[in-house]
Amino acid sequence: MIKAITGTKDILPEDISKWYYVENIVRDVFSAYNYDEIRTPVFEETRLFARGIGEATDIVSKEMYTFTDRSDTSVTLKPEMTAAVVRALIEHSLDKKKALNKLFYISPMFRQERPQAGRLRQFHQFGAEALGSHSPMLDAEMIITAYDIISKFGLKHLQVKINSLGVPSSREKYKEILKEYLNPYFGKLSQESQKRFDINILRIFDSKDENDQKIMENAPLLIEFLDDESLEHFEVVKSVLLKAGIPYEIDPKLVRGLDYYTHTTFEVISGSVGSQSALCGGGRYNLLVEQLGGKDTPGIGFAAGIERILLACENEKSLELEDNKLDLYIVDIERANAEKIYNLALYFRRKGLKIEVDYAGRSVKAQMREANRCNARYTIMYGGEELERNETVLKNMETGDQKTFNIDDLDAITKTIVE
RNA sequence: GUGAUCGUAGCUCAGUUGGUUAGAGCGUCUGGUUGUGGCCCAGAAGGUCGUGGGUUCAAAUCCCAUCGUUCACCCCA
């Protein structure tokens with residue numbers, strides 16, 4: 001048997017209503033904040049991601065689906081969306097047509113990691129990118145938008161964490177200070193953290209090792225070394241969030257792994273998805289557009305994992321989905337009127353009603369069972385002596401009531417069903 | 001990439017110290033008289049016991065390999 005690739009999942013009909021539910025909310029809320037949808041190809045030239053995300057990041061160095069196509073171009077299935085959106089912005093000069101571009105997307109992403117709860121190799125994200133403004137109001141708005149969307153799924157115990165990474169120069173300075181602080185403890189750090197010391201020292205804050213955490217308790221924090229402008233920017237973000245009633249907390253240890261972040265970073269965390277608790281993550285990236293060959297354009301964005309959100313919703317049983325109901329099932333009493341019944345079905349279907357009939361010539365009992373399984377609101381019992389009198393029976397499946405109609409009076413039948 | 005875990009019908013699982021034709025519940029299909037569902041009852045279909053080797057008179061059960069699952073680490077949404 002050929003199976004789906006490791007880390008990929010079929011979304012079966014029984015689950016599709018959840019996806020519609022999520023996607024509808026996402027589109028509605030983004031629309032309220034005046035975001036327009038953008039769709040980019042699933043694959044791009046490899047160097048876009050290498051340059052945009054950072055050669056040294058885990059995503060680029062060991063997680064991308066990269067291959068050469070038949071014309072020897074190295075292409076990569078998109079592992080995240082920001083670089084692709086920025087590429088499109090530059091390529092189509094969107095920044096010149098409009099001062100501020102507010103874009104959202106819903107799209108599959110690909111990363112070759114070991115699957116676990118809340119992590120797949122093909123997974124789906126929705127997210128947004130706003131390009132063209134330095135305003136801290138926009139940072140706050142982005143966080144509010146993300147929070148608004150996720151709140152609509154009825155999840156409890158959400159945490160919003162924010163931090164500021166400042167500008168690269170102060171961050172570099174800070175890294176040196178952190179190195180000085182950690183040097184005496186180096187031998188006591190966990191192996192993982194010893195590696196991080198050189199590769200990405202900020203990540204040591206994230207360590208799950210108890211001893212590491214103890215050492216980091218008294219470490220100097222990046223936020224203490226921010227320049228005045230970054231601090232002021234951060235102050236505005238916080239005050240807007242406060243007024244909007246977003247229950248945020250400042251997490252000086254919140255470090256994002258992608259190279260392009262500057263200033264504000266944030267995450268929305270849920271306690272009900274297992275170990276991969278970040279439902280959503282994002283931040284400001286003022287240098288990325290220029291880095292990818294565009295004009296100096298500030299940007300900010302976030303991405304949210306749809307599978308993780310659905311996992312949280314399932315664990316909290318927070319989604320209230322309506323049953324998928326069939327309007328009408330037409331039962332062929334004598335199993336001899338297939339063609340007439342099909343035409344009848346056609347009539348109702350073209351009226352926009354959801355109709356099913358039996359294709360297997362089964363017994364009335366079997367057809368009724370099938371109607372029931374389909375959650376049919378009504379059945380028509382077609383045939384028999386009623387048909388001889390040019391009549392047919394409409395049965396309400398919930399109450400069991402039956403009404404007789406003239407077979408030609410389809411309007412009356414439609415009316416009853418629609419009501 | 002590392003560690004652990006599990007792999008028996010469509011689904012959830014049972015299968016005793018290796019011993020005859022591998023079981024249950026749910027689901028599916030049919031039927032419980034002539035044209036009516038949800039409950040109930042009866043019957044039927046459905047399994048290369050993940051795959052490949054090995055040990056043994058005998059393997060779903062023991063050993064090895066391999067593929068896959070799940071969870072965690074790393075990292076990230």
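The structure presented is a predicted model; accordingly, all values stated were derived computationally and were not measured. Chain naming here is simple, since letters A, B, ... match the order of the sequence lines and numbering starts at 1 in each. Quick note: numbers below take in every heavy atom, side chains included, and nothing from hydrogens, waters or symmetry partners.
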Original post:
B:A44 pairs with which nucleotide, Watson-Crick or G-U wobble, both distances below 3.5 Å?
Top reply: B:U28
Original post:
Any ion pair linking A:Arg284 and A:Asp139 (charged N to carboxylate O, less than 4.0 Å)?
Top reply: yes
**OP:** Go through the N and O atoms of the side chain of A:Lys365 and the base of B:G32, and report whether any donor-acceptor pair is under 3.5 Å.
**Re:** yes
**OP:** State, to 0.1 Å, how close A:Asp212 and A:Ser207 come at their nearest heavy-atom pair, and which atoms those are.
**Re:** OD2-OG, 2.8 Å
Original post:
When all nucleic acid strands are considered with a 4.0 Å heavy-atom cut-off, which category describes A:Leu310: base, sugar-phosphate, or nothing?
Top reply: nothing
Original post:
Between A:Glu391 (CD) and B:G35 (P), how many Å, whole number?
Top reply: 19 Å
Original post:
Distance between the C1' atoms of B:A59 and B:C64, in whole angstroms?
Top reply: 15 Å
Original post:
Starting at CG of A:Asp206 and ending at P of B:A77, how long is that distance when rounded to a whole Å?
Top reply: 12 Å
Subject >> Atom-pair distance (CG on A:Asn372; C1' on B:G37), nearest Å >> reply: 4 Å
Nucleotide N/O to protein N/O under 3.5 Å, stretch nucleotides 70-72 of chain B:
| residue | atom | partner | partner atom | Å |
| --- | --- | --- | --- | --- |
| B:U70 | OP1 | A:Lys9 | NZ | 3.1 |
| B:C71 | OP2 | A:Ala117 | N | 3.0 |
| B:A72 | OP1 | A:Ser275 | N | 3.0 |
| B:A72 | OP2 | A:Gln116 | NE2 | 3.1 |
| B:A72 | OP2 | A:Ala117 | N | 3.4 |

**OP:** Could you check whether A:Thr379 gets within reach of a base, just the sugar-phosphate, or nothing at all, counting any heavy atom under 4.0 Å?
**Re:** nothing
Original post:
In terms of ring plane angle, is the pair A:Tyr65 and A:Phe110 parallel, tilted or perpendicular, where the classes change at 30° and 60°?
Top reply: perpendicular
Subject >> Complement of B:U66, any strand, by Watson-Crick or G-U distances under 3.5 angstrom >> reply: B:G50
Subject >> Proximity to the side chain of A:Glu63 - top-ranked nucleotide from B:C29, B:A77, B:C75 >> reply: B:C75
Original post:
With sugar-phosphate meaning primed atoms plus P, OP1 and OP2, does A:Leu279 contact a base, only sugar-phosphate, or nothing at under 4.0 Å between heavy atoms?
Top reply: sugar-phosphate
Original post:
When we call it a touch if two heavy atoms are under 4.0 Å apart, what does A:Glu14 touch: a base, just sugar-phosphate, or nothing?
Top reply: nothing
**OP:** Determine the interatomic distance between P on B:G18 and the same-named atom on B:A60; round to the nearest Å.
**Re:** 13 Å
Original post:
A:Gln367 CD to B:U30 P: how many Å, rounded?
Top reply: 10 Å
**OP:** Just compare B:G35, B:G37, B:C29 and give me whichever is closest to any side-chain atom of A:Glu370.
**Re:** B:C29
**OP:** Just name whichever nucleotide pairs with B:A59, Watson-Crick or G-U, keeping both distances under 3.5 Å, else none.
**Re:** none
Original post:
For the side chain of A:Arg196, counting heavy atoms from C-beta on, which of B:C74, B:G68, B:U36 is nearest?
Top reply: B:C74
Original post:
A:Leu94 and A:Asn101: which non-hydrogen atoms are nearest, and at how many Å?
Top reply: O-ND2, 3.0 Å
**OP:** Using the closest heavy atom to pick a nucleotide of RNA chain B for each, name whichever of A:Ala376 or A:Ser277 lands nearer the 5' end.
**Re:** A:Ala376
Original post:
Is any N or O donor-acceptor pair between the side chain of A:Gln402 and the base of B:U36 shorter than 3.5 Å?
Top reply: yes
Original post:
Starting at CG of A:Leu12 and ending at P of B:C11, how long is that distance when rounded to a whole Å?
Top reply: 12 Å
Original post:
Taking atom types as they are modelled, is there a donor-acceptor pair under 3.5 Å from the base of B:U36 to the side chain of A:Lys395?
Top reply: yes
Original post:
Considering only B:G35, B:A77, B:G68, which nucleotide approaches the side chain of A:Arg119 most closely?
Top reply: B:A77
Original post:
If you count the non-hydrogen atoms of other residues, nucleotides and ligands that lie under 6.0 Å from NZ in A:Lys175, is the total more than 12?
Top reply: yes
**OP:** On the 0 to 90° scale, with breaks at 30° and 60°, tag the A:Phe225-A:Tyr174 ring pair as parallel, tilted or perpendicular.
**Re:** tilted
**OP:** Would you indicate, yes or no, if B:C75 has its OP1 or OP2 atom less than 4.0 angstrom from a side-chain nitrogen or oxygen of A:Thr57?
**Re:** no
Original post:
In whole angstroms, how far is the P atom of B:G37 from the CD1 atom of A:Ile333?
Top reply: 12 Å
Original post:
At under 4.0 Å between heavy atoms, what does A:Glu334 touch on the DNA or RNA strands: base, sugar-phosphate, or nothing?
Top reply: nothing
**OP:** Please state how far atom NZ in A:Lys3 lies from atom P in B:G68, giving the value in whole angstrom units.
**Re:** 9 Å
Subject >> Euclidean distance for P, B:C73 against B:C39 (whole angstrom) >> reply: 43 Å
Original post:
Can you find a side chain N or O atom of A:Arg373 that sits less than 4.0 Å from OP1 or OP2 on B:C29?
Top reply: yes
Subject >> Between B:G23 and B:G1 - C1' atom distance, rounded Å >> reply: 42 Å
**OP:** Give a yes or no on whether a salt bridge exists between A:Glu113 and A:Arg119, defined as a side-chain N under 4.0 angstrom from a carboxylate O.
**Re:** yes
Original post:
Which of these nucleotides, B:C75, B:G37, B:U69, is closest to any side-chain atom of A:Glu113?
Top reply: B:C75
Subject >> Atom of A:Ala117, atom of A:Gln276 and distance for their closest heavy-atom approach >> reply: O-CG, 3.5 Å
Subject >> Candidate nucleotides B:U36, B:G38, B:G68, ranked by approach to the side chain of A:Met368 - the nearest >> reply: B:U36
**OP:** Starting from the 5' end of RNA chain B, give me the residue, A:Ile5 or A:Glu192, whose nearest nucleotide shows up first.
**Re:** A:Ile5
Subject >> Option passing ring pair (Phe, Tyr, Trp, His ring centres under 6.0 Å) with A:Phe104 (candidates A:Phe30, A:Tyr33, A:Tyr35) >> reply: A:Phe30
Original post:
Quantified in whole Å, what is the C1' atom distance between nucleotide B:U20 and nucleotide B:C57?
Top reply: 14 Å
**OP:** Using the P atom on both, measure B:A9 against B:G3 and round to a whole Å.
**Re:** 29 Å
**OP:** Would you mind pulling out the nucleotide paired to B:A9, Watson-Crick or G-U wobble, both distances under 3.5 Å?
**Re:** none
Original post:
For B:G35, does OP1 or OP2 lie under 4.0 Å from any side-chain N or O of A:Ser363?
Top reply: no
Original post:
What interatomic distance, in whole Å, is found between P of B:U48 and the corresponding atom of B:U5?
Top reply: 28 Å
**OP:** Might you confirm whether atom CZ of A:Phe405 has over 12 heavy atoms from other residues, nucleotides or ligands at distances under 6.0 Å?
**Re:** yes
**OP:** Walk me through it: do A:Lys78 and A:Phe43 pass the test side-chain contact (heavy atoms from CB on, under 4.5 Å)?
**Re:** CA-CA 5 Å; A:Lys78 59 185 171 191; A:Phe43 62 132; over 6 Å; no
Original post:
Distance between the P atoms of B:U21 and B:C49, in whole angstroms?
Top reply: 14 Å
Original post:
Which part of the nucleic acid does A:Gly400 contact within heavy-atom distance under 4.0 Å: base, sugar-phosphate only, or nothing?
Top reply: base
**OP:** Return the value, rounded to whole Å, for the distance between atom CZ of A:Arg369 and atom P of B:C29.
**Re:** 8 Å
Original post:
With sugar-phosphate meaning primed atoms plus P, OP1 and OP2, does A:Asp58 contact a base, only sugar-phosphate, or nothing at under 4.0 Å between heavy atoms?
Top reply: sugar-phosphate
